[in-house]
Asker: 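Sharing a structure, written as structure tokens. Questions coming.
Throughout, a chain's letter reflects where its sequence line sits, starting with A, and its residues are numbered from 1.
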2 protein chains.
Amino acid sequence: MSIAQLPVMDVTACCAPLTREAIDAVNAEALARSLKAIADPARLRLVSMVAAHEDSEACVCDLTEPLGLSQPTVSHHLKILVDAGILSRDKRGTWAYYRLVPGALDSLANLLITV
Amino acid sequence: MSIAQLPVMDVTACCAPLTREAIDAVNAEALARSLKAIADPARLRLVSMVAAHEDSEACVCDLTEPLGLSQPTVSHHLKILVDAGILSRDKRGTWAYYRLVPGALDSLANLLITV
DNA sequence: CCAATACATCGACGCATGTCAATCTCTATG
DNA sequence: CATAGAGATTGACATGCGTCGATGTATTGG
């Protein structure tokens, strides 16, 4: 069972910023799922490392050692980020390359902004 | 043991946006704690309800019934938000009034922004 | 076709976390 | 001082989640 099934986009298209008007239970649930996807130190580092990597993409083998976690654990976190719509996966040959989904993080950020 | 001991400000003063440069393990841990504080449907609704409430403040009694959770659970969530530096608590007489900490959510949002 | 490599999936384990009922603390007010 | 009301704290419980080792699945190279 994954933490976040709904892509970020499904959340960010739905509702006004948190503090503009009271969020309802259903949207709160969806937004919480998206936020949970990045509210983890390993996943924050993965997102950051992918973004900072050459050509803005990285394969699992680039990430496992610097992150200091086992390969299955890294794959697990990457899956959560892909399911949440934050990263995309592109398999080329033996390697799986991960990228940031453009706008995904920004959409999330916009829901938190109060001004 | 609370989820987030470090106020948001301690995080947001420390580091560049996630995707600008690779975040280190210590800052990732701190940022994850702050994000975890709001990555929960009940706490998102609490933040939203406090912001939308009259005079931008609300006491526990205002929040318990509309949220549909028990009073201890609501107090528990509010404590996590206060510990994370997202809400402030002001006890006046018998009542405890909660407010948004100005800029706290925006600081978090800025760390997620990629542009 | 076989071996090696990259990655995903599975199963298990332990800790973290959301929830509530019961209780405690503090304040206001008879 | 006694009582009532608001809210915090405690203890218990079930579930969620991060982690790893073992295993499964493709794909490449010999």
Asker: Rounded to whole Å, how long is the line connecting atom CG of A:Leu78 with atom P of C:dT9?
Answerer: 11 Å
Asker: Among D:dT28, C:dA8, D:dG18, which nucleotide sits nearest the side chain of A:Thr94?
Answerer: D:dT28
Asker: Write down the protein N/O and nucleotide N/O pairs, taken from nucleotides 19-22 of chain D, whose separation is under 3.5 Å; answer none if there are no such pairs.
Answerer:
from   : atom 1 : to      : atom 2 : distance (Å)
D:dT19 : OP2    : A:His77 : NE2    : 2.3
D:dC20 : OP2    : A:Ser70 : N      : 2.9
D:dC20 : OP2    : A:Ser70 : OG     : 2.9
D:dC20 : OP2    : A:Thr73 : OG1    : 2.8

Asker: Could you state the CD1-P distance from B:Ile38 to C:dT17, rounded to the nearest angstrom?
Answerer: 15 Å
Asker: Output the rounded distance in Å from CG (A:Leu87) to P (C:dA8).
Answerer: 12 Å
Asker: Calculate the interatomic distance between B:Arg45 atom CZ and C:dG18 atom P; express it in whole Å.
Answerer: 16 Å
Asker: Whole angstroms only, please: what is the NZ-P distance between A:Lys91 and C:dT5?
Answerer: 16 Å
Asker: Heavy atoms only, 4.0 Å cut-off, all strands: where does A:Tyr98 land among base, sugar-phosphate and nothing?
Answerer: sugar-phosphate
Asker: Which value, rounded to the nearest 0.5 Å, describes the distance between A:Glu29 atom CD and A:Arg33 atom CZ?
Answerer: 6.0 Å
Asker: Could you tell me whether the phosphate oxygens of C:dG18, OP1 or OP2, come under 4.0 Å of any side-chain nitrogen or oxygen in B:Arg43?
Answerer: yes
Asker: Starting at CG of B:Leu44 and ending at P of C:dG18, how long is that distance when rounded to a whole Å?
Answerer: 11 Å
Asker: For side-chain contact (heavy atoms from CB on, under 4.5 Å), just list the numbers for A:Val82 and A:Val101, CA-CA rounded to whole Å, side-chain angles, deciding distance to a tenth of an Å, and then say yes or no.
Answerer: CA-CA 9 Å; A:Val82 170; A:Val101 170; over 6 Å; no
Asker: Within the 4.0 Å heavy-atom criterion, would you say A:Arg89 contacts the bases, only the backbone, or no part of the nucleic acid?
Answerer: sugar-phosphate
Asker: Whole-Å distance between D:dT15 P and A:Lys36 NZ?
Answerer: 16 Å
Asker: Would A:Leu78 end up clustered with A:Tyr97 when hydrophobic side chains under 4.5 Å apart are linked, directly or stepwise?
Answerer: no
Asker: Does any N or O in the side chain of A:Ser48 come within less than 3.5 Å of the main-chain N or O of B:Glu21, such that one atom is a donor and the other an acceptor?
Answerer: yes
Asker: Measure OH/B:Tyr97 against P/D:dA8 and give the value in whole Å, please.
Answerer: 13 Å
Asker: Looking at CG of B:Leu44 and CG of B:Leu81, how far apart are the two atoms once the value is rounded to the nearest 0.5 Å?
Answerer: 8.5 Å
Asker: Could you see if B:Leu108 belongs to whatever hydrophobic cluster contains B:Ile113? Use Ile, Leu, Val, Met, Phe, Trp, Tyr and a side-chain cutoff under 4.5 Å.
Answerer: no
Asker: Hey, is the main chain of A:Cys59 close enough, under 3.5 Å, to the side chain of A:Asp62 for a donor-acceptor pair?
Answerer: yes
